[in-house]
Protein chains: 2
Amino acid sequence: MNQALEGIKVLDLTRVLAGPYCTMVLADMGAEVIKVEEPGKGDDSRHFGPYVNGESAYFMSINRNKHSVTMNLKHELAKKEFLKLVAQVDVVTENFKPGTMEKLGLGYEELKKVNPRLIYAATSGFGHSGPYSKRPAYDGVVQAMGGIMSITGQKGGKPTRVGPSVGDIMAGLFTAIGILGAIRYRDQHGVGQKVDVAMLDCQVAVLENAISRYFVNGVSPKPEGNRHASIVPFEPFDTHDGEIMIAVGNDNIWKSFCAQIGRPELVDHELFSTNPLRSKNYDALRPVIAEAVAQKSTAQWQEIFDANGVPNGPINTIEMVVADPQVNHREMIVEVSHPVAEKVKIPGVPIKMSETQGTVRRAAPVLGADTAEILKRMNGLTDQEIEMLFSEGAV
Amino acid sequence: MNQALEGIKVLDLTRVLAGPYCTMVLADMGAEVIKVEEPGKGDDSRHFGPYVNGESAYFMSINRNKHSVTMNLKHELAKKEFLKLVAQVDVVTENFKPGTMEKLGLGYEELKKVNPRLIYAATSGFGHSGPYSKRPAYDGVVQAMGGIMSITGQKGGKPTRVGPSVGDIMAGLFTAIGILGAIRYRDQHGVGQKVDVAMLDCQVAVLENAISRYFVNGVSPKPEGNRHASIVPFEPFDTHDGEIMIAVGNDNIWKSFCAQIGRPELVDHELFSTNPLRSKNYDALRPVIAEAVAQKSTAQWQEIFDANGVPNGPINTIEMVVADPQVNHREMIVEVSHPVAEKVKIPGVPIKMSETQGTVRRAAPVLGADTAEILKRMNGLTDQEIEMLFSEGAV
């Protein structure tokens with residue numbers, strides 16, 4: 001099948017998560033991503049456990065479909081080859097602390113001279129401007145500063161870090177969007193540009209109604225637990241053997257829900273007949289529902305609610321997620337063959353496209369697997385020249 | 001300034017959050033987004049509080065830069081005008097339950113006949129295929145089923161819903177990426193396609209190392225609280241007047257950190273000199289650090305740590321986020337003038353582009369503000385014809 005980004009070449013200096021997540025998304029859609037790594041060491045995340053036959057499972061899950069070239073960018077011979085690659089690619093990505101590329105003499109202003117059509121995408125903690133620009137950041141720091149922790153957590157409890165590194169991942173997704181927008185502009189007008197995405201900015205961008213609520217009420221929202229702020233019932237309830245999330249989004253669903261839990265008299269009850277009433281009389285309603293839901297198992301309720309149009313779902317563990325029939329039908333867990341780790345299961349491609357379905361075409365590369373091939377094919381080097389670069393420690 | 005997506009036209013049937021978030025991102029980059037809403041009622045989120053002069057702050061924050069056209073898509077006259085618009089746009093977006101557009105006779109297969117270059121993007125709870133496809137979903141249900149709740153929360157505590165609706169927002173961002181990939185392919189090859197993004201799939205795609213840890217160890221990860229799974233110290237500590245997130249990401253930072261908290265003897269201590277040792281002896285180390293950090297205020301520590309390269313950050317409330325100097329320097333809070341709500345503050349554009357900076361050009365539209373203008377400009381209707389459509393209840 002054709003790929004949406006066929007022909008797009010990305011020279012990728014990113015490490016760990018935000019940047020690699022961005023280039024994974026581009027690679028999944030068919031871009032040729034050439035990951036440039038430090039000789040002998042590589043991306044830091046190659047050294048994050050757990051390991052499979054010595055290969056990092058973490059690294060493998062977000063670097064599939066990429067090529068690996070080692071280059072010591074402090075070495076003049078490597079710089080020369082790097083610039084020859086810059087001249088041939090569409091995109092350069094990096095997620096260093098701002099200023100790092102300039103110190104190497106490889107800042108956007110320099111690279112632009114080599115390739116005016118280049119799109120240069122930088123993902124960083126705080127962005128390439130402003131008072132915090134040069135500060136180091138980690139996902140935890142950005143989640144703390146960006147406000148998401150202050151509105152996540154049990155009611156009355158402490159601010160809570162979101163499990164997955166959404167500080168990194170959101171920034172990776174926004175960077176991918178910026179790159180694709182810049183490609184469109186480049187295709188139309190012939191000029192490249194710099195895309196600068198800050199993890200902190202992205203956290204602000206995803207706070208959604210917390211920001212508008214604050215500006216209207218002047219009060220900072222707090223952790224609300226697992227309950228919806230304004231719809232009732234819309235939260236998990238304990239079942240006979242676990243929990244089930246129930247989302248009664250409107251009065252039609254309410255009618256069906258009451259019938260299914262054997263409490264049809266609640267439908268038109270003067271305290272509960274509309275959502276505003278249910279919200280107002282929440283404390284009276286919750287125990288009534290809780291008592292009914294506790295009578296059956298999660299699986300029984302799922303079957304009943306699914307058959308009667310009541311939005312619901314189990315609170316799945318990771319084990320349950322990866323075994324879920326819908327998740328598997330949608331090919332969201334895929335197995336790839338890795339030369340060292342052998343068979344590895346990783347998340348699939350979430351963007352389903354009728355003409356250009358993205359795929360996991362190859363496993364993550366072992367360090368430097370493609371150095372010789374890329375230098376030969378793209379820079380026209382001979383075997384002897386490549387050998388010299390290796391012996392000089394340039395690659 | 002030029003805009004990256006200038007000239008791209010999006011006919012937008014989406015409501016509430018996942019779809020509108022996607023088209024907001026496209027509109028911010030310069031696409032012309034024509035929001036099609038039900039006459040008299042509009043997007044459900046127009047009726048979500050809090051309100052400013054009767055206009056929903058929630059709606060206004062994610063529908064800036066868009067146009068609003070009302071159309072009753074069950075009315076034949078409206079359908080005819082809708083199809084005339086379909087023929088002229090690049091993208092149609094919707095986030096109905098799968099099958100809804102087909103019931104209206106406006107499914108992708110029909111629209112494609114009118115415009116073979118069309119990109120049709122559908123965002124839904126479970127996707128347009130698979131056993132759960134036709135089920136209704138809400139953010140809470142998808143967060144429960146997708147596993148993110150099972151790894152978010154205090155250590156030993158309950159699975160916890162992420163405050164912002166990341167089930168919707170992640171799907172919105174992946175849909176935007178899919179649309180932009182499809183536009184690139186259409187520009188190159190002349191054919192459109194259908195993009196199908198499921199909220200559940202996106203939740204799986206962002207679980208990152210939780211999936212790889214599960215497949216390697218066979219054990220589902222649990223909520224880990226605010227502490228990093230493998231780096232120490234990397235968590236919030238109580239200060240004299242609040243909390244501060246500290247992220248000692250490597251041994252150089254450790255050296256500086258110990259000096260700043262007045263405990264230089266910890267640097268080479270036999271129990272704490274390396275990260276593996278600090279992880280192993282966490283229970284002995286934490287109280288020592290906690291005692292030291294409790295001596296000063298959050299602001300004092302910030303100043304000290306910032307001056308000495310120790311990654312740190314306050315756990316900001318929303319009030320603190322919107323007042324933060326970096327957030328404001330990056331223009332992540334912007335004020336727009338709304339015809340009814342007057343001045344409204346909303347999040348800015350997180351993708352910074354050197355040639356085509358996206359902007360908030362106009363406030364969210366009041367319902368149907370652009371119906372007559374669009375029908376005139378794009379479909380060539382006369383004032384009289386438009387008046388007829390209004391009086392027929394078609395628009």
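Protein chains get the first letters and strands the later ones, always in sequence-line order, with residue 1 at the start of each.
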For [X], which atoms come within 4.5 Å of any heavy atom of chain A: side chain, backbone, both, or neither?
{"X": "B/V197", "value": "both"}
{"X": "B/E235", "value": "neither"}
{"X": "B/K222", "value": "neither"}
{"X": "B/V216", "value": "side chain"}
{"X": "B/E224", "value": "neither"}

Rounded to the nearest 0.5 Å, what separation is found between the [atom1] atom of [X] and the [atom2] atom of [Y]?
{"X": "B/Y214", "Y": "A/I333", "atom1": "OH", "atom2": "CD1", "answer": "10.0 Å"}
{"X": "A/R135", "Y": "B/N312", "atom1": "CZ", "atom2": "CG", "answer": "7.0 Å"}
{"X": "B/I315", "Y": "A/Q143", "atom1": "CD1", "atom2": "CD", "answer": "10.5 Å"}
{"X": "A/K352", "Y": "B/F174", "atom1": "NZ", "atom2": "CZ", "answer": "11.0 Å"}
{"X": "A/F234", "Y": "B/R161", "atom1": "CZ", "atom2": "CZ", "answer": "7.0 Å"}

Part of [X] lying under 4.5 Å from any heavy atom of chain B:
{"X": "A/F48", "result": "neither"}
{"X": "A/I246", "result": "neither"}
{"X": "A/S165", "result": "both"}
{"X": "A/R213", "result": "both"}
{"X": "A/M353", "result": "both"}
{"X": "A/F215", "result": "side chain"}
{"X": "A/V25", "result": "side chain"}
{"X": "A/Q188", "result": "side chain"}
{"X": "A/V206", "result": "both"}
{"X": "A/A247", "result": "both"}
{"X": "A/Y120", "result": "neither"}
{"X": "A/P223", "result": "neither"}
{"X": "A/V204", "result": "both"}
{"X": "A/I183", "result": "side chain"}

Polar side chain donor-acceptor pair, B/E208 to A/S61, under 3.5 angstrom: no
With side-chain contact (heavy atoms from CB on, under 4.5 Å) as the test, pick out the partner of A/E355 among B/R186, B/H189, B/Q193. B/Q193
Quick check: closest heavy atoms across A/I318 and B/G147, and the distance to 0.1 Å? CD1-O, 4.1 Å
If you look at every heavy atom in A/S133 and B/Q326, which pair is closest and at what distance? N-OE1, 4.0 Å
Taking the side chain as every heavy atom from C-beta outward, state whether [X] and [Y] have any pair of such atoms under 4.5 Å apart.
{"X": "B/P131", "Y": "A/H329", "answer": "yes"}
{"X": "A/M149", "Y": "B/M245", "answer": "yes"}
{"X": "A/H228", "Y": "B/D139", "answer": "no"}
{"X": "B/R184", "Y": "A/I8", "answer": "yes"}
{"X": "A/P347", "Y": "B/L207", "answer": "no"}
{"X": "B/R330", "Y": "A/L200", "answer": "no"}

I'd like to know which of [options] tops the heavy-atom pair count under 4.5 Å against chain B.
{"options": "A/M170, A/M320, A/M60", "value": "A/M170"}
{"options": "A/L180, A/V349, A/I148", "value": "A/L180"}
{"options": "A/T160, A/D168, A/V344, A/L26", "value": "A/T160"}
{"options": "A/P136, A/G348, A/P314", "value": "A/P314"}
{"options": "A/V195, A/L173, A/V322", "value": "A/L173"}
{"options": "A/G313, A/P311, A/G127, A/G30", "value": "A/P311"}

Among [options], which has the most heavy-atom pairs under 4.5 Å with chain A?
{"options": "B/P350, B/S150, B/G163", "value": "B/P350"}
{"options": "B/I177, B/I151, B/T317, B/I169", "value": "B/I177"}
{"options": "B/V191, B/I119, B/D306", "value": "B/D306"}
{"options": "B/A171, B/G49, B/A122, B/P325", "value": "B/P325"}
{"options": "B/A31, B/A121, B/G249, B/C202", "value": "B/G249"}
{"options": "B/I244, B/V327, B/I62, B/D187", "value": "B/D187"}

Within 6.0 Å of CD in A/E331, more than 12 heavy atoms from elsewhere: no
Tell me if a side-chain donor or acceptor on A/N226 pairs with a main-chain N or O of B/P159 at a distance below 3.5 Å. yes
Test item: A/E319 side-chain N/O and B/P221 main-chain N/O as donor-acceptor pair under 3.5 Å: no
